[in-house]
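Quick notes on the structure that follows.
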Protein chains: 2
Amino acid sequence: MEELDQRIVQLLLQDGRMSYTDLGKATGLSTSAVHQRVRRLEQRGVIRGYTAIVDPEAVDLALTAFISVKPFDPSAPDDTPERLVGLSEIEACHSVAGDENYILKVRVPGPGDLEDLLARIRSAAGVSTRTTVVLSTPYEARPPKL
Amino acid sequence: MEELDQRIVQLLLQDGRMSYTDLGKATGLSTSAVHQRVRRLEQRGVIRGYTAIVDPEAVDLALTAFISVKPFDPSAPDDTPERLVGLSEIEACHSVAGDENYILKVRVPGPGDLEDLLARIRSAAGVSTRTTVVLSTPYEARPPKL
DNA sequence: GATGCGCTGGTCGAGTTCCTCCACAAGGCG
DNA sequence: CGCCTTGTGGAGGAACTCGACCAGCGCATC
């Protein structure tokens, strides 16, 4: 990817609502040219979307946890992600190297909801779980430096 | 938080670039009223910002890993997050319950950069590390259901 | 080595839409 | 009744969006 696109992406990572006019000023391009590049980045899949960054506590999701997951039957075909995709408390699902197969990042209002969620995960995917509760998060969702 | 604000936040989680006019149509409010509410949500810290969701591979950050971190000296005051805040490869830092103290989420171009980053983390924070490499991520950054 | 063609990616301008601010109204609440 | 909050509506200006046009470049052709 060339340098102009990279700079545009960088700017949109820092402020997803920046206007095309401002992007143009920041890159030395015309509004239309920037707009065109952004559209291309979107349809090439480089930019997958835009979102607000929200304080989890403010929306009653004060408890974050990482759940490591391992199938009971290692020989069965592994469709764990599809089995869990319907659980909206799961923010992310990573397939990982190591003792367990997946790491899930989940957000719930409180401990009771976590207990409940764990049961649903185990029964939906046929897995054993090991969960790590996060106590606080010093920082999160920082935009990468390109 | 009341229901209208919740719906606005939900919509902005799904599309961070939605216009105030559209938000108004979706919530049954006038453009001005929505704008006002969003500004309040921003300055109350409920909405912390906006960002583009970018394909990491497209910006040469193909390797994601979780690094569990534990200080060499458990009795020393723990300022690990501050010591690591300057490393831009670290996307998130969570203080966790369990054997280790923190979980870091990092993104680098490749294995060599990970090795290098680990050395910098250890020397900057005086910690031992245990890293879990992610092989693929079925999904990530899903907007929570409110 | 010129000529000409098509592709890519840029500027410019005009019509439309959206943002943003202000004045003002309706509903609680002391 | 007066004040605060939260809404509506409107007007001016800014931003978006589209089409027309142009410059550079690669490349086949002569």
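The figures here come from the full heavy-atom set of this structure, side chains too, leaving out hydrogens, waters and symmetry mates. Quick note on labels: first sequence line is chain A, next is B, and so on, each numbered from 1.
A distance-only check finds a donor-acceptor pair linking the side chain of A/Arg142 to the backbone of B/Val85 [under 3.5 Å]. Of the possible donor and acceptor atoms, one in the side chain of B/Asp113 sits under 3.5 Å from a partner among the backbone N and O of B/Gly110. In this structure, B/Gln10 contributes its side chain and B/Leu146 its backbone to a donor-acceptor pair below 3.5 Å. Proximity of a side-chain donor or acceptor of B/Tyr139 to a complementary backbone N or O of A/Pro81 within less than 3.5 Å is detected. In this structure a side-chain-to-backbone donor-acceptor pair under 3.5 Å is missing from B/Thr64 to B/Arg107. Side-chain N or O atoms of B/Arg48 include none that pairs as donor or acceptor with a backbone N or O of A/Ile53 at under 3.5 Å.
When the C1' atom of C/dG9 is taken as reference, atom CZ of A/Arg44 falls 13 Å away, rounded to whole Å. Counting to the nearest Å, the C1' atom of D/dT5 and the CG atom of B/Asp5 are 13 Å from each other. Following rounding to the nearest Å, A/Gln36 (CD) and D/dT17 (P) show an atom-to-atom distance of 13 Å.
Residues meeting the side-chain hydrogen bond (donor to acceptor under 3.5 Å, both in side chains) test with A/Asp60, sequence neighbours left out: none. B/Glu42 pairs by the salt bridge (charged side-chain N to carboxylate O under 4.0 Å, His left out) definition with nothing, not counting sequence neighbours. Under the rule for a salt bridge (charged side-chain N to carboxylate O under 4.0 Å, His left out), the partners of B/Asp99 that lie at least two apart in sequence or sit in another chain are B/Lys70.
Applying the 4.0 Å criterion to OP1 and OP2 of D/dG7, one finds that B/Arg37 has a side-chain N or O inside that range. Remark: B/Arg40 is in phosphate contact with D/dT6, judged by side-chain N or O atoms under 4.0 Å from OP1 or OP2.
DNA chain C lies under 4.0 Å from at least one heavy atom of each of the following residues of residues 12-31 of chain A: A/Leu29, A/Ser30.
Judged by the 6.0 Å distance and 45° axis criteria, B/Arg17 is positioned over the aromatic ring of A/Tyr20.
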Check the interface with nucleotides 20-26 of chain D: list each N/O to N/O pair with the protein under 3.5 Å, or write none.
none

Between the protein and nucleotides 21-29 of chain C, list the N/O to N/O atom pairs that are separated by less than 3.5 angstrom.
{"unit_1": "C/dC21", "atom_1": "N4", "unit_2": "B/Ser32", "atom_2": "OG", "d": "3.1"}

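Nearest heavy-atom pair, B/Val34 versus B/Gly24, reported as atom, atom and distance to 0.1 Å: CG2-CA, 3.5 Å.
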